[in-house]
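Hydrogens, waters and symmetry mates are skipped; everything else that's a heavy atom, side chains included, is used. Order of the sequence lines sets the chain letters (A, B, ...), proteins ahead of strands, with each chain counted from 1.
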Amino acid sequence: MAKNKKSNDPMSKLVALCKRRGIVFQSSEIYGGVGSTYDYGPYGVTIKNNIERLWWDEMTLKHENIVGLDSAVILHPKVWDASGHLKNFSDPMVDCKECKGRFRADQINGTGYGGGSDSGAGYSDGTGYGGGSGSGAGYGDGTGYGGGSEDVNVCPKCGSKNSFTEVREFNLMFDTTMGPVADDTVKTFLRPETCQGIFLDWKIVQESARLKIPFGIAQTGKAFRNEITTGNFIFRTREFTQMEMQYFVKPGETSELINYWKEQRWNFYLSLGINEEDLRWHEHPKDKLAHYAKEAWDIEYKFPFGWGELEGVHDRGDFDLKAHQESSGKDMTYFDDQTRERFHPQIVETSAGLNRAMLAVLADAYREDEQAGEQRIYLALAPHIAPVKAAIFPLVKKGGLPDIAHAIYTDLRKHFPVFYDFQGSIGKRYRRMDEIGTPYGITVDFQTLEDGTVTVRWRDTLQQERIHKDKVGEFLRDRLG
RNA sequence: GCGAGAGUAACUCAGUUGGUAGAGUAUCACGUUGCCAACGUGAAUGUCGCGGGUUCAAAUCCCGUCUCUCGCUCCA
């Protein structure tokens with residue numbers, strides 16, 4: 001564990017809070033941790049699930065023409081050939097020994113680098129990618145690249161000649177093998193994006209759910225990318241959850257629907273309680289589009305480390321369906337009963353990162369203020385995101401107060417995630433709840449013995465009001481929707 | 001992979017010229033406590049990242065190694 005964090009920067013403080021309160025923390029920590037993998041503790045998984053459920057409901061409940069799907073993580077290896085991932089997710093790289101710059105081998109002038117960009121050799125013969133499973137020996141000794149050519153390679157950054165390292169293969173997909181017998185295995189990949197499963201299944205989904213264009217298929221699930229560089233806490237990790245909806249539209253209607261979904265998706269982040277001033281649109285320049293995209297917009301959030309992408313709204317055109325039709329030989333067209341036309345649907349994609357959405361929610365909710373000269377840290381989470389909706393406290397341990405408080409707790413927990421605590425001073429118990437963003441604190445005091453009322457304290461302002469203990473459930477229901 | 005930095009309790013850290021580890025916070029128990037991290041008493045928690053070497057003796061000196069963090073390269 002590194003101890004050189006600048007503990008004053010906002011990101012470090014958020015990370016520390018996440019660990020302290022069991023929201024998100026380093027995975028495999030007893031073994032020293034594994035780079036950029038994180039586990040979500042009791043409160044973290046609840047926040048994450050809350051966001052995921054809101055997304056799911058937003059898609060499938062609020063749109064009558066969007067249905068859900070849960071496709072496999074491991075797909076037929078040919079999928080990744082057809083999708084372009086084998087070709088585009090695998091880059092041969094060289095480093096300049098002089099200036100330490102790194103470049104794609106096929107972008108260096110001069111030699112036969114790049115000449116043999118043999119991405120087609122991929123999975124089937126088992127030799128193409130990553131050769132040795134396991135340890136660092138993975139990146140092959142550059143077969144095919146930089147053959148025997150003696151031409152001069154010039155570093156585009158510092159101008160040094162022939163200062164490059166061996167070509168190394170960077171494969172951004174995790175590969176694995178199917179089948180227990182080593183000689184008889186098929187090389188497969190963990191999906192680097194969830195949407196391919198939607199493309200493979202769209203016809204059976206469309207037919208079985210009797211959907212007419214335009215319609216959408218929504219899916220959440222894990223995706224895996226062997227990122228060269230990870231970092232910024234849970235912003236970029238090698239294993240992450242995507243929330244993707246692929247919208248199948250008639251040719252010619254794409255741009256209108258892009259605008260519709262841009263508005264929908266923008267509003268989703270507002271509904272999570274994120275400050276609109278911390279959001280912006282970023283359009284990908286045409287010359288930097290991903291290999292499948294015709295038009296691409298990102299919603300970005302102003303993280304403590306800078307603007308970062310939360311979600312993309314993309315025009316994928318008919319790239320994917322045509323690619324799979326060509327590769328599989330199966331018809332991927334849609335027949336329009338009304339116009340008697342057959343065509344490849346155009347696809348508008350909304351592709352969000354759940355972990356990033358959660359990080360944005362946490363970063364946006366992180367607050368510090370001062371109460372009676374003491375610093376207070378709290379998460380101003382929207383109540384419908386908060387992992388615990390209310391905490392119930394007896395003011396002190398005597399006078400039968402704990403019994404009354406516990407009875408209220410037992411009753412409430414049938415309907416809400418609530419927490420009961422009697423340990424420590426009342427102020428300390430409030431603060432503990434503040435740090436996980438619990439919106440309401442309900443305290444049983446001596447007045448409760450007289451008239452049955454309790455205090456309800458609102459997290460952000462510390463203001464209290466008295467309501468009858470029998471009305472607490474109703475009070476919470478009103479405020480939590 | 002390159003460069004830089006860092007590894008001592010759950011957290012933040014201290015540990016003198018080598019003498020087998022401490023503080024605060026947090027946690028738990030009991031007491032106390034009339035609303036915002038109060039107080040008292042007590043308890044539990046470490047192979048000082050790992051391995052080797054020097055030494056009577058290593059958290060400390062030497063060598064190796066691992067991991068993490070940041071920057072760069074890359075990024076759908």
Side-chain angles (χ1 to χ4, degrees), chain A residues 1-7 9 11-12 15-17 19-22 25-26 28-36 83-85 88-104 136 138-139 157 165-166 168 170 172-173 192-193 195-196 223 225-233 236 242 244 284 288-293 296 298 305 308-309 312 314 316 349 351 353 369 371-378 393-399 401 423-435 441-449 454-457 459 462-464:
Chain A
M1 289 273 299
K3 296 291 170 81
N4 58 339
K5 295 173 205 153
K6 294 157 275 175
S7 55
D9 84 85
M11 201 60 203
S12 297
V15 172
L17 170 64
K19 180 171 187 188
R20 187 164 69 242
R21 291 301 171 195
F25 40 84
Q26 178 75 62
S28 302
E29 197 166 34
I30 66 168
Y31 288 104
V34 177
S36 146
S83 69
H85 285 80
N88 291 289
F89 250 46
S90 177
D91 291 325
M93 307 293 295
V94 294
D95 292 333
C96 173
K97 291 171 185 166
E98 295 299 321
C99 69
K100 309 301 181 191
R102 168 171 292 167
F103 310 94
R104 274 173 54 176
Y139 315 109
K157 190 171 169 187
T165 59
E166 291 283 303
R168 283 170 299 216
F170 283 79
L172 285 278
M173 282 197 289
E193 61 183 20
C195 59
Q196 293 300 327
R225 293 181 193 173
N226 222 340
E227 301 281 359
I228 298 171
T229 301
T230 56
N232 287 326
F233 197 35
R236 174 171 284 120
Q242 289 189 309
E244 297 200 305
H284 290 214
K288 290 200 173 174
L289 288 173
H291 65 274
Y292 56 76
D298 289 344
F305 50 81
E309 178 188 350
H314 303 146
R316 293 184 78 120
E349 162 188 82
S351 174
D369 65 8
Q371 300 296 338
E374 293 279 350
Q375 186 195 51
R376 179 177 76 125
I377 294 172
Y378 66 105
F393 309 127
L395 180 62
V396 293
K397 287 187 211 171
K398 62 185 181 184
L401 268 39
Q423 290 162 345
S425 72
I426 188 70
K428 194 168 189 169
R429 285 176 273 162
Y430 283 139
R431 298 298 173 83
R432 281 198 280 241
M433 285 292 112
D434 288 340
E435 286 204 333
I442 293 155
T443 300
V444 171
D445 59 16
F446 288 98
Q447 192 177 329
T448 311
L449 298 174
V454 296
T455 64
V456 179
R457 175 254 201 193
R459 172 196 65 206
L462 284 66
Q463 294 295 308
Q464 298 186 359

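For the C1' atom pair drawn from U20(B) and G46(B), the interatomic distance equals 13 Å after rounding to whole Å. Here, A59(B) and C66(B) have their P atoms 23 Å apart, quoted to the whole Å. Going from the P atom of U16(B) to that of A26(B) covers 28 Å, rounded to whole Å. U17(B) and C61(B): their C1' atoms are spaced 12 Å apart (whole Å). When the C1' atom is used for both A29(B) and U67(B), the distance is 37 Å, rounded to whole Å. Look at the P atom in both A23(B) and U65(B): the space between them is 37 Å, to the nearest Å. G1(B) and U12(B): their C1' atoms are spaced 33 Å apart (whole Å).
Residue Arg20(A) is classed as having no contact, given no heavy-atom separation below 4.0 Å to the nucleic acid. When heavy atoms are screened at a 4.0 angstrom cut-off, Glu244(A) is found touching no nucleic acid atom at all. As judged by a 4.0 angstrom heavy-atom cut-off over every strand, Thr455(A) is placed among the base-contacting residues.
Of the inter-residue distances, the one linking Arg21(A) atom CZ with Arg432(A) atom CZ reads 7.0 Å to the nearest 0.5 angstrom. A distance of 5.5 Å separates CE of Met11(A) from CZ of Phe305(A), quoted to the nearest 0.5 Å.
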Go through Tyr430(A) and Phe393(A) one step at a time and tell me if the ring-ring contact (aromatic ring centres under 6.0 Å, His included) criterion holds. CA-CA 9 Å; Tyr430(A) 283 139; Phe393(A) 309 127; 5.4 Å; yes
Run the side-chain contact (heavy atoms from CB on, under 4.5 Å) check on Asp445(A) and Val396(A) step by step: do they pass? CA-CA 8 Å; Asp445(A) 59 16; Val396(A) 293; over 6 Å; no
Between Gln371(A) and Asp369(A), is a side-chain contact (heavy atoms from CB on, under 4.5 Å) present by the stated rule, with each step listed? CA-CA 7 Å; Gln371(A) 300 296 338; Asp369(A) 65 8; 3.1 Å; yes
List the steps, then state whether side-chain contact (heavy atoms from CB on, under 4.5 Å) holds for Leu17(A) with Ile377(A). CA-CA 9 Å; Leu17(A) 170 64; Ile377(A) 294 172; 4.3 Å; yes
Apply side-chain contact (heavy atoms from CB on, under 4.5 Å) to the pair Arg457(A) and Ile442(A), showing each step before the final yes or no. CA-CA 6 Å; Arg457(A) 175 254 201 193; Ile442(A) 293 155; over 6 Å; no
Evaluate salt bridge (Lys or Arg N to Asp or Glu O under 4.0 Å) for Asp434(A) paired with Arg459(A), printing each intermediate quantity in order. CA-CA 6 Å; Asp434(A) 288 340; Arg459(A) 172 196 65 206; over 6 Å; no
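Between the side chain of Arg376(A) and the base of C36(B), no donor-acceptor pair of N or O atoms lies under 3.5 Å. In the interface, the side chain of Arg236(A) is paired with the base of C75(B) through a donor and an acceptor atom under 3.5 Å apart. You'll find a donor-acceptor pair under 3.5 Å spanning the side chain of Gln464(A) and the base of C35(B), going by distance alone.
Look at CD on Gln463(A): it is 12 Å from C1' on C36(B), rounded to the nearest Å. Rounded to an integer number of Å, the gap from Ile377(A) CD1 to U25(B) C1' is 13 Å. Going from atom CG of Asp445(A) over to atom P of G34(B) covers 12 Å, rounded to whole Å. As a whole-Å value, the separation of Leu395(A) CG from U33(B) P is 12 Å. Counting to the nearest Å, the P atom of C36(B) and the CZ atom of Arg457(A) are 10 Å from each other. Residue Asn232(A) contributes atom CG, which lies 6 Å from atom P of C70(B) at whole-angstrom precision. One can place CD of Glu374(A) at 12 Å from C1' of U25(B), the figure rounded to the nearest angstrom. Going from atom CD of Gln375(A) over to atom C1' of U25(B) covers 14 Å, rounded to whole Å.
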Could you write out RNA chain B as a dot-bracket string, with dots for unpaired bases, | for bases paired across to another strand, and Watson-Crick or G-U pairs counted at under 3.5 Å? (((((((..((((.....[..)))).(((((.......))))).....(((((..]....))))))))))))....
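Relative to the side chain of Val396(A), the nucleotides A37(B), U33(B), A76(B) differ in distance, and U33(B) lies closest. Minimum atom distance to the side chain of Arg431(A) is reached by A37(B), of the listed A37(B), C35(B), G34(B). Closest to the side chain of Lys19(A), from the set C35(B), G34(B), A10(B), is A10(B).
Remark: the backbone N or O of Leu395(A) is paired with a side-chain donor or acceptor of Arg429(A) at under 3.5 angstrom. Using modelled atom types, no side-chain atom of Glu244(A) and backbone atom of Ser351(A) make a donor-acceptor pair closer than 3.5 Å.
Under the 4.5 Å side-chain criterion, counting only non-hydrogen atoms from C-beta, Asp298(A) is in contact with His284(A).
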Got a list of protein N/O to nucleotides 28-30 of chain B N/O distances below 3.5 Å?
from   : atom 1 : to        : atom 2 : distance (Å)
C28(B) : OP1    : Gln423(A) : OE1    : 2.9
A29(B) : OP1    : Gln423(A) : NE2    : 3.3
A29(B) : OP2    : Gln423(A) : NE2    : 3.1

Could you list the protein-to-nucleotides 38-48 of chain B atom pairs, N/O on both sides, closer than 3.5 Å?
from   : atom 1 : to        : atom 2 : distance (Å)
A38(B) : OP2    : Ser425(A) : OG     : 2.5

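At a threshold of 4.0 Å, the pair Arg316(A)-Glu193(A) counts as salt-bridged, since one of the basic side-chain nitrogens sits closer than that to a carboxylate oxygen.
Taking for each of Arg21(A) and Phe233(A) the nucleotide of RNA chain B with the nearest heavy atom, the 5'-most of the two is the partner of Arg21(A).
Residue Ala223(A) comes nearest to Gln242(A) through the heavy atom pair CB-OE1, 3.8 Å, listed as atom of the first residue, atom of the second, then distance.
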